[in-house]
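One structure below.
Numbering of ligands and ligand atoms starts at 1, following listing order. Computed from a prediction, not measured in an experiment: that's the story for all the values here.
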Amino acid sequence: MTIKEAQEAVDHWIKQYGVRYFSELTNMACLTEEVGELARVIARTYGEQSFKAGEKPNLGEEMADVLWVLICLANQTGIDLTEELQKSFDKKTGRDKERHKNNPKLS
Ligand SMILES: [Mg+2]
């Protein structure tokens with residue numbers, strides 16, 4: 001699935017099952033909530049926190065939840081994520097192409 005197809009699929013799902021998009025403010029709160037859920041899994045998988053008995057790591061699921069809400073926000077604000085991600089690559093390549101190679105902490 002391309003990013004464009006993902007944006008279209010989320011839009012189709014929202015129209016078919018979601019009635020309409022939550023407001024941008026509600027979705028921003030939902031995005032923050034999902035990032036928190038992702039942070040919780042990471043803290044328990046890679047950090048010093050522990051899962052409760054019977055809890056299973058669901059890293060991929062939480063990443064997908066974050067992506068879903070981000071796509072909703074992009075769709076309802078008219079953002080083409082393919083175009084924006086390409087711009088981000090261009091910006092990072094122009095600005096940072098030597099920066100990380102010259103960072104002794106990364107070698
Ligand atoms: Mg979640």
Determine whether more than 12 heavy atoms belonging to other residues, nucleotides or ligands lie under 6.0 Å from atom OH of Tyr21.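 More than 12 within 6.0 Å, yes.
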Could you list the donor-acceptor pairs under 3.5 angstrom formed by side chains in residues 24-36, with sequence neighbours left out?
{"from": "Thr26", "atom 1": "OG1", "to": "Ser23", "atom 2": "OG", "distance (Å)": "3.0"}
{"from": "Asn27", "atom 1": "ND2", "to": "Gln76", "atom 2": "OE1", "distance (Å)": "2.8"}
{"from": "Thr32", "atom 1": "OG1", "to": "Met28", "atom 2": "O", "distance (Å)": "2.9"}

Lys/Arg-Asp/Glu bridge criterion (N-O < 4.0 Å) met for Glu55, Arg40: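 Salt bridge flag = yes for Arg40 with Glu55.
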Trp68: partners by ring pair (Phe, Tyr, Trp, His ring centres under 6.0 Å), with sequence neighbours left out: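 Here the qualifying residues are Trp13.
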Could you please give the number of protein N/O/S atoms within less than 2.8 Å of the Mg ion (ligand 1)?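 Total protein N/O/S atoms under 2.8 Å from the Mg ion (ligand 1): 4.
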Ignoring hydrogens and geometry beyond distance, is a side-chain donor-acceptor pair present between Asp90 and Gln86 at under 3.5 Å?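 Judged by distance alone, the side chains do pair up.
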ring-ring contact (aromatic ring centres under 6.0 Å, His included) pairs, two or more places apart, involving residues 27-52: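 Not a single pair qualifies under ring-ring contact (aromatic ring centres under 6.0 Å, His included).
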